[in-house]
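Step one of this worksheet: look at the structure below.
Numbering of ligands and ligand atoms starts at 1, following listing order.
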Amino acid sequence: MKKIQVGLIGFGTVGSGLAQTLLNQKDRLLRKVGTEVVLSQVADIMTDKLPEQFSDVSLTKDAADIFANPDIDIVVELIGGMEPARTFMLEAIKHGKHVVTANKALLSVHGKEIFEAAVANNVEVGFEASVGGGIPVIKSLKEGLVANKIESIMGILNGTANYILTRMSDEGAPFDEVLKDAQELGFAEADPTYDIEGIDTAHKLAILMTISYGKHVHLDDINTEGITQIKPIDIEFAREFGCRIKLLAISRNHGDHVEARVHPTMVPNSHMLANINGAYNGIHFTGDTVENVLFYGQGAGKMPTGSAVAADVVDIGRNILSGSINRVPALSYLPENIGSPVITPMSAITGPYYFRITALDKPGVLSTISGIFSKHSISIKSVMQKSRHELDPVAIVILSHVANEEAVQKAIQEIDALSECTEATVKIRILMDDE
Ligand code: HSE
């Protein structure tokens, strides 16, 4: 029977994970697919020689050699970033190759162009590894949950940010030191600001929303805040309130509009997502038929991500063998049924808030601050101040009842303009027990 032959562009962390996976699972895949699934060619400008175990694989520095190779069925793009990844994907598609990628940044910005090119050339696009590392969340949404209207998505989608927050919470470890460890473990993006500023999480939420709702969601649609402003004091307060701080991706489907936001959130310890720790990801969906579903697993790393890329290769390989290309549409909905989203404005979001205000400890400051909250109809639940320094600014922590985001933003602007306030106020949204 015809072999399924793979051309790989990029032999970095995930690329070598895919190569190792296909080698380790060679016999098992033969028994499952009925033919060999082999890595035939690698293109990598940084690699002069492949490791010994890949001596059968041809190596080139020019991706065009892979596009021109008539034996290659599937081109796997694992170089990351926008260019030349976008051009490589489009070139491969033009050459009639099926494509697989883990490139969430690319898909959340140029996904529409790439998916439309694939439809026009009747090839498949696999992107399981773009969200949730080794967790088969894309396939589950497209197939296992096909008979559902997805009503909400809530997830911890970035292993690096979760690893940092977990170690800050459990060990009191400093932010910068933990970020360095995450980089050494191979979780972090080439530009780690993508991890800590919430951008990588937003890339992934855009992809999940696109296939959940059948709308082309773009990175720019997602309101994104990162975790760089979180200090040990916030983590301590969260612990006192029975919460953990998590960087959450949140989308609720309101029918004619959908929420799309990424921000640090205080999650009650009783909530399942509060207990997703380290580099693990957790993704919770509510479907109108299935109700609640939670996916949990390694969200990053060489072998888990290699597992997800290999799964796409096998899926496409099976479709090639059975002559059923695009049996399952790449974005779950048929291409002609995919529209544009209407995003709920952030100003319309409501919920309870944690505020950390940094101010000089002078008589009347608290009453001025509470006056501003009251003016904007924000009801205060409690106020805490741990220490008193005559001359130094102190942290005043305020918890609110359910408030409106637009009112919160106006109130913070006024508070931060007070001469007694010495630093920008930090706000963290609090997840309610029943969310
Ligand atoms: N930098 C990403 C993370 C890698 O930390 O989750 C997986 O997408």
Side-chain angles (χ1 to χ4, degrees), residues 10 12-18 21 76-82 85 100-109 111 126-139 141 153-168 173 175-211 219 222 224 226-228 230 245-249 262-264 273 276-284 295-312:
T13 307
V14 181
S16 57
L18 169 69
T21 303
V76 179
E77 178 278 304
L78 293 175
I79 56 173
M82 294 297 165
V100 173
T101 185
N103 195 333
K104 55 262 163 146
L106 180 68
L107 294 183
S108 67
V109 174
F127 53 102
E128 183 63 68
S130 64
V131 182
I135 308 169
V137 64
I138 302 285
K139 192 175 173 73
L141 264 179
I153 305 167
M154 200 177 314
I156 293 170
L157 302 178
N158 183 271
T160 303
N162 204 40
Y163 179 80
I164 292 172
L165 291 171
T166 302
R167 287 200 46 205
M168 282 176 78
F175 190 102
D176 292 341
E177 185 187 308
V178 194
L179 172 60
K180 210 163 137 259
D181 288 349
Q183 285 174 292
E184 275 162 21
L185 287 164
F187 305 150
E189 294 302 299
D191 178 354
T193 58
Y194 278 34
D195 298 295
I196 59 182
E197 296 294 0
I199 301 162
D200 178 75
T201 302
H203 291 150
K204 294 166 178 168
L205 180 60
I207 294 169
L208 291 179
M209 288 177 67
T210 297
I211 54 175
L219 175 65
I222 317 256
T224 306
I227 59 167
T228 47
I230 305 292
I245 299 177
K246 297 289 179 190
L247 179 63
L248 288 195
V262 170
H263 49 69
L273 290 178
I276 310 283
N277 290 317
Y280 277 82
N281 282 190
I283 314 164
H284 179 272
F295 294 87
Y296 170 77
Q298 304 245 31
K302 171 175 167 168
M303 297 311 285
T305 314
S307 159
V309 178
D312 275 342

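- The nearest protein atom to atom 7 (C) of ligand 1, hydrogens excluded, is given as G299 O, 3.4 Å; this is a heavy-atom distance.
- Distances below 4.0 Å separate heavy atoms of F187 from the following atoms of ligand 1: 1 (N), 2 (C), 3 (C), 4 (C), 5 (O).
- Among all protein heavy atoms, the one lying closest to atom 2 (C) of ligand 1 is E189 OE2, 3.1 Å.
- Of all the heavy atoms of N281, none lies under 4.0 Å from any atom of ligand 1, so neither backbone nor side chain is involved.
- Against a heavy-atom cut-off of under 4.0 Å, K204 is close to the following atoms of ligand 1: 2 (C), 3 (C), 6 (O), 7 (C), 8 (O).
- Here T305 has no heavy atoms under 4.0 Å from ligand 1, in either its backbone or its side chain.
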Please test K180 against D176 for salt bridge (Lys or Arg N to Asp or Glu O under 4.0 Å), starting from the C-alpha separation and ending with a verdict. CA-CA 6 Å; K180 210 163 137 259; D176 292 341; over 6 Å; no
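- In this structure a side-chain-to-backbone donor-acceptor pair under 3.5 Å is missing from T305 to K302.
- Counting only heavy atoms from C-beta outward, the side chains of P192 and L179 approach each other to under 4.5 Å.
- Annotation for ligand 1: atoms under 4.0 Å from non-hydrogen atoms of N158 are 1 (N), 2 (C), 3 (C), 5 (O), 6 (O).
- Considering all non-hydrogen atoms of both residues, I230 and P264 come closest at CD1-CB, 3.9 Å.
- Across all their heavy atoms, A249 and L157 have their closest contact at CB-CD1, 3.6 Å.
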Before giving the answer on side chain to side chain contact (heavy atoms under 4.5 Å, CB included), spell out for F187 and N158 the whole-Å C-alpha distance, their side-chain angles and the decisive distance to 0.1 Å. CA-CA 9 Å; F187 305 150; N158 183 271; over 6 Å; no
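- Every atom of ligand 1 is numbered from 1 in the order shown, and the set under 4.0 Å from a heavy atom of G159 is 3 (C), 5 (O), 6 (O).
- Of the N or O atoms in T160, one or more lie within a sub-3.5 Å distance of an N or O in ligand 1.
- Note: Y296 and Y280 have parallel aromatic rings, judged against thresholds of 30 and 60 degrees for the angle between ring planes.
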